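The next block holds one structure in the form of structure tokens; read it before the comments.
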Amino acid sequence: MRCLPALIVAVFAAAAAHAAELTAAFGPENATRTATIRSTTDLSAFGPVIEAFLTTRPDTRILYEQWGSNDLYRMTAQQCAEGDTAADLVISSAVHHMVALVNEGCGASHSSAATETLAEQMKWRDQLWGITREPAVMVYNRDILAPHEVPRSRFDLLDLLRPSDSRLAGRIATYDIEDSGLGFLLAFSDSLEATTFGGLMEAFGRTGAVATCCSAEIIDAVASGEYLVAYNVLGSYALHRARGDDRLGVVAPGDYTLILARAAMIPAAAPSTGMAREFLDYLLLPEGRAELEAQDLIVRLGEEAGAPVEVSGTVEALERPIGLHPPLLVAMDADKREIFTQRWRDAFPQ
Amino acid sequence: MGVVRATLSLKTRVALAVTAVLVLGGALVLVAALAYGRQAAREAYDRLLLGAAADIATTITVRDGTALVDMPVSAFELLSLAQNDRIRYRVVAPGGTTLTGDPTAPLPAPSATGESVFYDDSFGAEPARYVALTRRFAERSFSGPVRVIVGHTLLARRELAHDIAQNALVVLGAAGAVMALFAWLAVSQALRPLPRIGAALASREPTDLTPLSLSAPREVAGMLVSLNAFMARLERQSVATGNLIADAAHQLRTPVAAIRAQAQLAADEVEPDRREKIVTRIHDRASGLGRLLDQLLSRAMIVHRADSQPATPLDLRDVAVDVVETCDDLALGVGTEVELVLPDSPVVARGDAMSLVEAGKNLLTNALIHGKPPVRIGVTGGDRPGLWVSDSGDGAPAEVTAAQSTRFVRAGRNGGSGIGLAIAREVAEGHGGTLRMQHDGRRHTVSLDLPGRAT
């Protein structure tokens, strides 16, 4: 965690059902304007962006709450039904949750020159906007895996897992889709993208791959050598860690790479939508985008050697942005989730 | 002097009429276009809903005694074609429990039957359109109808309806503009002859009454024909007046000169007997002059009446009787009895009674003065009704009958028979008939034949 001058950090008991993991306040206490942001993004990554936003706005105070994606969804949906919320802006990486919230009419509309710059796929109804650009990547341990052993695509991963004495057996980790909304979304998107996913589930199940929680833990374990490869890790976390740790390599799968844009929504009942709109526009305009890029929340895949994310193949051909559109509602369907989770559990028995 | 009052111009009237048509038509087309747009949008997006519902319905499987829905992404991609609309769905088991989806999504009215039912309801605060599709299961472990409810909000429908209506209006507006343009061109073209006629009339000499020859559209040509007919009548009147003056001058000069010469003789004569004789001659001459004057005036009157008097139905027998009555004095004077030959039934013709009596009077006078008794006047019926006068003489001298068509006929000593015939002929022609003269060896007959009733 970086040290931030105006940052107050509070750690709450994880037991509380609807509670933020972390909260922080930016800006002077006697500010005339206040806004509350609820987000799944790590405070350490998002804090500097907020600070940059506030440098030219000395009269503004922003309260930041960091949430788990499932909790954030449940709380926002409940407050939407009640028509009362303290949040002015909700940002989540579990974009299917956000599509569902907007579909329920929980979002306030906003249209500006900044929102016009977004690709059609990256916004919906002028109520939901994709603010980041993060590839779902594989992270590996450079010390243990030689360059020729590194899986460059899902096919490589399948091939590496095929031998009965595979080194990777039991040492591949990925998000547990029941614990992590983002994990579910990425797995679900994989299942829609290619049949490789079925083979991967089978191979993961056969070799005893690990499904666990939380980017930080997974990447730590890869760095320590406990796991050799982490599959479907969000590029922002992976890059952030890899920059400070030579042991970590980051690969964008060459068959296809899911690109996730964290979705931002202004709740219809938000107390100060004006501030939320201003901050949203900031995030979408060049100045804010530069800050997001500095925090690895916007990642541009490059084919050149020495790029932070290793890419094999052409970038245009492999990028698969996850559109912020109603088909994501399928990921929220009760039966679908049950079927999907059942399939997942077959591979990752508890 | 009549006052010509200029009312609203024809162009303005046409412009108003075209505008009224366009505004009324536009309103109707607008209403129709909106209705059609709504209908078209509704049908298009209802199919989308039904497609999505059918897609979902096919993924329902029965497992362990319960239905499980493997929700297809394709159904939602289909619904995403309505780009900004919020989506709601629900799958309801036979017992009414919700298998998956939003348990608060509305169900169709219980009265609605059929495999698929469309209905309007709401989604939150917004209006929405729903379809309920029923799939029936008949498994040992699970049977009954499973209903798939799919709905969405109406943004895309409204947008499509709006687009359709707008396109229709653009087309209508263009058509209206073209119509207005063509109407304006047509009216301008049609009205072009009017100023031309005005200019042609204005540039004429005051005495020029010849017909205008201009090309003009049929409606305007009708007016032009009437105008020419009017000018022809004016011309005839003017010529008749001129003729009267010329005739009077020509015909009267000689008798007046003769009377003056006789009067001079009488003034110089000292012998009472001879003077008495001269005075008698002056008297005769003056009477002849009087008759001549009568004839000239009556002829002018007849020419005038031919143009101004409407033809009315009349009985020619009455005309014949009137003629005999007016000539009573003369008949007595010459001592000849006039026989009246009339049929028993009325002989009806169309014409001007006064002109016809005048013509008959001239014919009878000629017969009495120049012909030989017995003198008869009569009426023939049938297809060509006519009035005739006959006597036992040889008829008018050849030079008189040959010169009938000319106005200048030297009057005889007692007033010329030529003028009388000319009057009769003019009356006959004025009525569209003819004047016919014949001699059967014993009797000379002049008959004025009129066209039959049919013509």
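Bear in mind the structure is a predicted one, so any value in this text is a computation, not a measurement. Quick note on labels: first sequence line is chain A, next is B, and so on, each numbered from 1. Excluded from the calculations below are hydrogen atoms, water molecules and symmetry mates; all remaining heavy atoms, backbone and side chain alike, are included.
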*Under the side chain to side chain donor-acceptor pair (under 3.5 Å) rule, what do B/Tyr119 and B/Arg129 come out as? Steps first, then yes or no, please.*
CA-CA 6 Å; B/Tyr119 53 104; B/Arg129 179 88 169 155; over 6 Å; no
*asked:* Which atoms of A/Val99 are under 4.5 Å from chain B, going by heavy atoms: the side chain, the backbone, both sets, or neither?
replied: neither
*Check whether B/Leu78 gets within reach of chain A through its side chain, its backbone, both or neither, counting any heavy atom under 4.5 Å.*
neither
*Mind checking whether A/His97 and A/Tyr73 have parallel, tilted or perpendicular rings, split at 30° and 60°?*
parallel
*Side-chain touch A/Leu318/A/Pro253, heavy atoms, less than 4.5 angstrom*: no
*Quick one: which residues of residues 117-129 of chain A reach chain B at under 4.5 angstrom, heavy atoms only?*
A/Glu120, A/Trp124, A/Arg125
*Which region of B/Ala52, side chain (C-beta onward) or backbone (N, CA, C, O), has a non-hydrogen atom less than 4.5 Å from a non-hydrogen atom of chain A, or is it both or neither?*
neither
*Of the backbone (N, CA, C, O) and the side chain (C-beta and beyond), which part of B/Asp85 lies under 4.5 Å from a heavy atom of chain A, both, or neither?*
backbone
_Lys/Arg cation over aromatic A/Tyr231: A/Arg154, 6.0 Å, 45° cone_ = no
*Relative to B/Tyr130, does B/Arg88 satisfy both conditions: NZ or CZ under 6.0 angstrom from the six-membered ring centre, and within 45 degrees of the ring's axis?*
no
*Taking atom types as modelled and ignoring hydrogens, do the side chains of A/Glu338 and A/Gln342 form a donor-acceptor contact shorter than 3.5 angstrom?*
no
*If the plane angle is over 60° it's perpendicular, under 30° parallel, otherwise tilted; pick one for A/Phe188 and A/Phe340.*
perpendicular
*Relative to chain A, which of B/Asp70, B/Thr59, B/Val91 shows the most heavy atom pairs under 4.5 Å?*
B/Asp70
*Heavy-atom distances under 4.5 Å only: say whether B/Ile87 touches chain A with side chain, backbone, both or neither.*
both
_Would B/Arg86 pass as a cation-pi partner of B/Phe123, given that its NZ or CZ must be under 6.0 Å from the six-membered ring centre and within 45 degrees of the axis?_
yes
*Can we say A/Arg337 and A/Glu178 salt-bridge, meaning some charged N sits less than 4.0 Å from an Asp/Glu carboxylate O?*
no
*Identify which of A/Val330, A/Leu329, A/Asp335 forms the greatest number of heavy-atom pairs closer than 4.5 Å to chain B.*
A/Asp335
